[in-house]
2 protein chains.
Amino acid sequence: MKHERPKISDVARIAGVSTATVSRAISSPDRVSVETRAAVQAAIDSTGYRLNHAARNLRRRRTGGIVALVPNLANPFFSQILSGIASVLGPAGYNLLVADTETAGADSLLDYAEPSRADGLIVLDGRLSADALRGRVPLVEACEWVPGLAAPRIRIDNLAAAELAIGHLHDLGHRRIGHVTGPRGNVLTESRLTGTRAALAARHLVLTDDAIYSGDFSIESGQAVADTWLGQPATSRPTALFFASDAMACGFIGEVQHRGLSVPRDVSVVGFDDIELVAHISPPLTTIRQPRTDIGRRAAERLLAKIVGDPVDEDTILPVELVVRASTCRVGRTG
Amino acid sequence: MKHERPKISDVARIAGVSTATVSRAISSPDRVSVETRAAVQAAIDSTGYRLNHAARNLRRRRTGGIVALVPNLANPFFSQILSGIASVLGPAGYNLLVADTETAGADSLLDYAEPSRADGLIVLDGRLSADALRGRVPLVEACEWVPGLAAPRIRIDNLAAAELAIGHLHDLGHRRIGHVTGPRGNVLTESRLTGTRAALAARHLVLTDDAIYSGDFSIESGQAVADTWLGQPATSRPTALFFASDAMACGFIGEVQHRGLSVPRDVSVVGFDDIELVAHISPPLTTIRQPRTDIGRRAAERLLAKIVGDPVDEDTILPVELVVRASTCRVGRTG
DNA sequence: ACCTGATATGTAATCGGTTGCAAGATGATT
DNA sequence: AATCATCTTGCAACCGATTACATATCAGGT
């Protein structure tokens, strides 16, 4: 028993054909006669041959890999999108490479956007530089996007989402409605803030500065917002808050409950994302549902289409949905 | 402006040296004179040359990639481990490839455990077949493990964890203590169940069948357990439950609260994992903390060491910690 | 002046497949 | 019987780097 990996020439010798034929038997079986195909297959089985991807990729001038650039791998929001991406890429014969833009340096990101490393790129982080990405490999953006980069985008309608949330709160009689933002500069933060403002304006309400709370999507920042909100006079502070992420809404709810107030009696809360857990906390969170797996799936499909050169829509906006649970109620209702 | 990617020979020609020298200037700069190095660098800059990884990998007989086999990418528990893995692999010059063992077929998993695809493997799923993985590429296991596979493992002490949880509940006066398991057959399920049994036995208690609830780590299964538990007579059912995952504990708590009972007044709950959110729900969950990022980091370091041939410990057990929050209290306490 | 060892560079084989081109075989068409 | 299209297969160049080996240069020692 020898320990060398069998190569295509070993298979060829044993099957009594040329390496070209073995290669064809593997990658385009119909170009080879049935008998030869069987002989090659037998030789492959008997040698335990497995082809060398580096060699194939070199010759084919492709890599078989797609890179996903994720802002923060530890965030469950992204893991579900990755799951959608993986479910498409795997069956299509591509590997999914993930890179965390937090831990990777700027230059190593350049390395990823490189034809010899990956055949395509899925960008999930809007903070990256458009110049660094432009004109390198086929790419699509999902969820977030880089302003000024012309690439197909898979995203949700953040303005419509804000309209749903604010409409819901307004319908419940709330008139003092606040908004808790994500980190400044983030494209999602801006569009959700803009949407909130517009939805309020459509109802002849204004979003005053003291009703805008700045967070960063994290649980802790939601907790901090609770502190700010609790410090405002009960007679003038918002009776309802629309959060730009579920995580912040959770942090907020946890903290106000800890301080002895009740949600939704004392304040109504609408989140954003519908991450899995929030349906099961007390009170179950009213929130905007994003089709996360679907976003990932679509992004991957779009990218594959772009790689083979099919024409692709430049922008896809997936629908969001308001999921009404128990963290919102009519204003002033007792109990 | 030509559109062909410059190759190493282009750089060599412009720098007035041979390709061998360019190659050396790139990968072992100290073997090249200062002047030549500068000339090569200038040529690289002027051409915008980037090396072709497929070619390098082919020649070096390596791939520069490490595959992580994850049971379920959408699960936040794993995303944090991946984050730890990525933080080590990136700086070490390796790509992280992730494969979801749910979506990938069994044969495509074989493809991943392949020297031409990856230089190493991190297995996070204990359900895989030992035979399929044995003797292919260097691998380590993290969290879960495949029985019968001789590979370095990074894991936590599940028995000690159960001892901590049960000890805590016992100290609070609980005597009827139940356990909610993960899916049958999972190695973590078994060791946590065994640990629970042992910890109870050490306190002269037995774990009866009706105090063992079978779940599958998911939120929904925790919800289902609530149903079962609520159906048992209040005088004989457990007054405290130790869950094999936080997700199940959350599902359980949500459901019993929904049915009008209170945690911890009516039942004390201990979770497992300490996922980020559970510190912020009501009541904040008492749970076993697993050092997730650290597990990922260690697994990656161990694998890299194994790849370069350093001797590695076969087994690493990381400490767990009981985090006492508000979901547990003395038995029978009112309020 | 000659030898030795270190340093710097070039030559060419090599990694393991893929594929354009050509040739031989087979069957159908006129 | 000659011609042509189709199907199968082999030959050999090629993908773009790395590296063993050979060669050239130069400093220092005797």
Side-chain angles (χ1 to χ4, degrees), chain A residues 2-41 43-44 47-65 93 111 114-119, chain B residues 2-44 47-65 93 111 114-119 137:
Chain A
K2 58 174 176 224
H3 253 24
E4 295 301 313
R5 277 175 72 74
K7 42 169 79 171
I8 201 169
S9 57
D10 298 322
V11 175
R13 187 168 22 79
I14 292 178
V17 297
S18 72
T19 63
T21 301
V22 175
S23 175
R24 284 189 282 253
I26 293 171
S27 36
S28 41
D30 30 319
R31 295 184 44 61
V32 166
S33 75
V34 199
E35 306 83 45
T36 312
R37 205 184 310 163
V40 169
Q41 188 55 52
I44 288 178
T47 53
Y49 169 75
R50 316 225 80 207
L51 83 75
N52 182 313
H53 290 91
R56 163 181 282 187
N57 290 337
L58 173 59
R59 182 58 224 241
R60 291 208 174 148
R61 295 151 156 271
R62 45 159 269 164
T63 74
D111 250 31
E114 237 256 294
S116 89
R117 170 105 67 193
D119 298 327
Chain B
K2 60 176 176 219
H3 253 23
E4 295 300 312
R5 278 173 71 74
K7 42 170 80 170
I8 201 171
S9 57
D10 298 322
V11 175
R13 186 166 25 77
I14 291 178
V17 298
S18 72
T19 64
T21 302
V22 175
S23 176
R24 283 188 283 253
I26 293 170
S27 37
S28 41
D30 31 317
R31 296 185 46 62
V32 168
S33 75
V34 198
E35 306 82 45
T36 311
R37 205 185 308 163
V40 168
Q41 188 55 52
I44 289 178
T47 53
Y49 168 76
R50 318 224 79 209
L51 84 74
N52 182 314
H53 289 91
R56 163 182 282 186
N57 289 338
L58 173 58
R59 181 59 223 243
R60 289 208 174 147
R61 293 154 156 271
R62 45 159 269 165
T63 75
D111 250 31
E114 236 256 294
S116 89
R117 174 115 50 203
D119 298 327
V137 296

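Worth knowing before you read on, the calculation uses all heavy atoms, side chains too, and leaves out hydrogens, waters and symmetry mates. Reminder, nothing fancy here: chain letters follow the sequence lines and each chain counts from 1.
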Value in whole Å for how far the P atom of dG16(C) lies from CZ of Arg62(A): 20 Å
Residues that Ala20(A) engages under side chain to side chain contact (heavy atoms under 4.5 Å, CB included), provided they are two or more places apart: Ser18(A), Arg24(A)
Length of the line joining Asn57(B):CG and dC15(C):C1', which is rounded to integer Å: 11 Å
CZ on Arg59(A) to CG on Leu58(B), rounded to 0.5 Å: 12.5 Å
Intermediate values then yes/no, side chain to side chain contact (heavy atoms under 4.5 Å, CB included), Val40(A) and Val17(A): CA-CA 8 Å; Val40(A) 169; Val17(A) 297; 4.2 Å; yes
Thr21(B) side, atom OG1; Ile26(B) side, atom CD1 - distance, nearest 0.5 Å: 11.0 Å
Short N-O contact, Asp10(A) and Arg13(A), less than 4.0 angstrom: yes
Phosphate OP1/OP2 of dG17(C) contacted by Tyr49(A) side-chain N/O (<4.0 Å): yes
Sugar-phosphate or base contact per nucleotide [nucleotides 7-15 of chain D; S, B, -; heavy atom under 4.0 Å]: -SBBB-BBB
Nearest-Å distance for atom pair CZ/C1', residues Arg13(A) and dG16(C): 14 Å
Nearest-Å distance for atom pair CD1/P, residues Ile8(B) and dA12(C): 17 Å
Between the first and last five pairs of the helix from dA1(C)-dT30(D) to dT30(C)-dA1(D), the angle of the axes, rounded to 10 degrees: 50°
Nearest-0.5 Å distance, OG1 of residue Thr63(B) to CG of residue Asn57(A): 10.5 Å
Interatomic distance where CG belongs to Asp10(B) and C1' belongs to dA17(D) [whole Å]: 13 Å
Separation of atom CZ in Arg50(B) from atom P in dG16(D), rounded to whole Å: 16 Å
Ser116(B): partners by side-chain hydrogen bond (donor to acceptor under 3.5 Å, both in side chains), with sequence neighbours left out: His53(A), Glu114(B)
Partner residues of Thr19(A) under the side chain to side chain contact (heavy atoms under 4.5 Å, CB included) criterion, sequence neighbours left out: Ile8(A), Ser9(A), Ala12(A)
Spacing between Arg56(A) atom CZ and dC15(C) atom C1', to the nearest angstrom: 16 Å
Which residues share a salt bridge (charged side-chain N to carboxylate O under 4.0 Å, His left out) with Arg117(A), sequence neighbours left out: Asp111(A)
